[in-house]
Amino acid sequence: MKIDELAAESVTEIELPKVISNDLLSNPDNFYKMAFEFQQIMMVYESATKQIETKLDILNKENKVSGRRNPIETVKSRIKSPQSIASKLEKKKLPVSFDSMIENLHDIAGVRVICPYISDIYSVRDMLLKQPDITLLEEKDYIKNPKESGYRSLHLVIEVPVYLSETTHHVKVEIQLRTIAMDFWASLEHELHYKTNTKVPESVRRELFRVAETIAMTDREMEEIAIELQNLD
C-alpha cells in the first residue's frame with residue numbers, strides 16, 4: 001500500500017462534512033496532503049507516548065534490580081481517534097483543524113499507569129517529574145479531591161520533546177495514575193456513561209458513588225496492611 005493510501009486510510013473515521021471542505025474533495029492532491037499531514041502529527045503523538053512508556057519501563061527495571069517493591073503494576077497507552085478529536089473540538093466550540101487540536105487538546109496522547117497502592121501513585125509522579133526533559137503543565141488530583149461521581153485518579157498533563165531527523169516537537173501527554181481498584185471502578189463508570197444510549201438512573205449513580213467510597217476505604221486499608229507486613233521483615 002502506498003504512503004498516500006495509508007494516510008488517507010488513517011482519517012476515514014472522521015465524518016467528512018465536519019473536517020473536509022468541498023475544495024478538498026474536489027482536489028485529491030489537497031486531500032492527500034491533509035491526510036498525510038494528519039498521519040505525521042499522529043506519529044509524533046505516538047512517539048511521545050512511547051517515550052513515557054520507556055521511562056516507566058526503565059523505572060520498573062531499576063526497582064527490580066535494586067530489590068525494591070515495584071510501584072507500577074501495568075502501563076497502558078492510547079492515541080485519540082480522529083472522530084474523538086473532532087467531536088471534542090466541536091463540543092468545546094473550537095475550530096476543527098490541526099492547529100486547533102494541537103493547541104487546545106491536552107489528551108490526544110494518553111498514558112495510564114496502574115499502581116498497587118495510593119502512595120505508589122505519588123512515588124511514580126515524583127520520579128517522572130524529576131526527569132529534566134519532562135515539563136509539568138497541569139495537575140489535577142482527583143484522589144485528594146474526588147469528583148462528585150466518586151471518580152478518583154491523579155491526572156498530569158506533561159510536555160515531552162520528540163526528536164525527529166530535522167525537527168523537535170514539544171508534545172503534550174496526559175498521564176493518569178490510579179490504583180487497580182480505582183481503574184476497575186473508572187472502567188465500569190465509563191462503560192455506563194458512554195456505552196449506553198439511555199440516561200443512567202439516579203439510583204445507579206448513588207450505588208456507583210457508594211462503591212467508589214468503599215474502594216477508597218479498601219485501598220487505604222490494603223496499604224496499611226502492606227506497611228505492617230513490611231515492618232515484619
Side-chain angles (χ1 to χ4, degrees), residues 1-16 18-21 23-65 72 74-89 92 94-113 124-139 155-177:
M1 185 177 287
K2 296 179 181 178
I3 289 178
D4 56 356
E5 291 174 340
L6 281 169
E9 184 178 348
S10 71
V11 296
T12 53
E13 292 183 55
I14 301 179
E15 295 180 27
L16 296 181
K18 295 180 181 178
V19 295
I20 300 178
S21 66
D23 290 340
L24 281 172
L25 290 173
S26 62
N27 189 332
D29 289 339
N30 287 342
F31 174 80
Y32 289 131
K33 180 181 178 181
M34 186 195 76
F36 185 61
E37 184 179 351
F38 183 82
Q39 187 184 44
Q40 289 179 309
I41 293 170
M42 289 297 101
M43 180 272 293
V44 172
Y45 277 108
E46 185 177 353
S47 299
T49 63
K50 286 182 178 179
Q51 279 202 53
I52 300 301
E53 287 180 296
T54 299
K55 289 175 180 294
L56 292 167
D57 185 52
I58 291 171
L59 292 173
N60 261 344
K61 289 177 180 177
E62 179 193 7
N63 282 297
K64 185 176 182 180
V65 170
I72 301 171
T74 56
V75 177
K76 307 172 186 177
S77 66
R78 64 102 183 96
I79 302 294
K80 270 189 179 296
S81 68
Q83 175 116 26
S84 181
I85 291 170
S87 297
K88 190 159 188 177
L89 287 170
K92 290 176 173 285
L94 295 168
V96 181
S97 68
F98 297 151
D99 288 341
S100 178
M101 77 180 197
I102 292 170
E103 179 66 27
N104 297 299
L105 299 187
H106 295 171
D107 60 346
I108 294 175
V111 176
R112 185 171 299 155
V113 185
V124 174
R125 171 207 179 274
D126 293 343
M127 285 188 286
L128 278 176
L129 296 185
K130 283 179 183 176
Q131 301 193 16
D133 59 343
I134 290 182
T135 302
L136 178 64
L137 301 179
E138 183 179 296
E139 181 171 4
H155 289 199
L156 308 175
V157 177
I158 60 96
E159 194 173 70
V160 63
V162 173
Y163 299 100
L164 302 183
S165 58
E166 297 180 357
T167 57
T168 301
H169 300 267
H170 295 276
V171 184
K172 298 171 188 172
V173 180
E174 183 186 65
I175 303 175
Q176 297 179 355
L177 298 107

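We're numbering straight along the sequence, starting at 1.
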Is any NZ, NE, NH1 or NH2 atom of the basic residue among D126 and K130 found under 4.0 Å from an Asp or Glu carboxylate oxygen of the other? no
In Å and rounded to the nearest 0.5 Å, what is the CD1 to CD1 distance from I41 to I85? 9.0 Å
Can you name the closest pair of heavy atoms from R78 and A109 and give their distance? NH1-C, 3.7 Å
Does any part of the side chain of L56, heavy atoms only, come nearer than 4.5 Å to the side chain of V113, both counted from C-beta? yes
Side chains of Q51 and V171: closer than 4.5 Å at any heavy-atom pair? no
Do F36 and Q40 have side-chain heavy atoms sitting under 4.5 Å apart? yes
Please answer whether the main-chain N or O of L105 pairs with a side-chain N or O of K92 as donor and acceptor at a distance below 3.5 Å. no
Inter-residue atom distance L136.CG - I175.CD1, 0.5 Å rounding: 9.0 Å
Exercise: identify the closest heavy-atom pair between M101 and Y45: O-OH, 4.5 Å
Minimum heavy-atom separation for P95 and L89, please, with both atom names. O-CD1, 3.6 Å
Do any N or O atoms from the side chain of S100 and from the backbone of V96 form a donor-acceptor pair under 3.5 angstrom? no
Pick from E46, M42, E174, K88: which one makes a side-chain contact (heavy atoms from CB on, under 4.5 Å) with I108? M42
To the nearest 0.5 Å, tell me how far E159 CD sits from H170 NE2. 6.5 Å
If you measure only the distance, is there a donor-acceptor pair under 3.5 Å linking the side chains of H169 and T167? yes
Distance from M43 atom CE to S47 atom OG, nearest 0.5 Å? 5.5 Å
Side chains of L164 and E166: does their closest heavy-atom pair fall under 4.5 Å? no
Of all heavy-atom pairs between L177 and L156, which one has the smallest distance, and what is that distance? CD1-CD1, 3.8 Å
How close do V162 and V44 get, heavy atom to heavy atom, and via which atoms? CG2-O, 3.9 Å
Are H106 and I158 close enough, and set up right, to give a side chain to side chain contact (heavy atoms under 4.5 Å, CB included), and what steps lead you there? CA-CA 9 Å; H106 295 171; I158 60 96; over 6 Å; no
When rounded to the nearest 0.5 angstrom, what is the spacing between CG in D57 and NZ in K50? 13.5 Å
Atom of T49, atom of G110 and distance for their closest heavy-atom approach: CG2-N, 4.1 Å
Any donor and acceptor pair, going by atom type alone, linking the side chain of S84 with main-chain N or O of K80 inside 3.5 Å? no
Taking D133 first and then K55, would you say they form a salt bridge - that is, a charged N and a carboxylate O separated by under 4.0 Å? yes
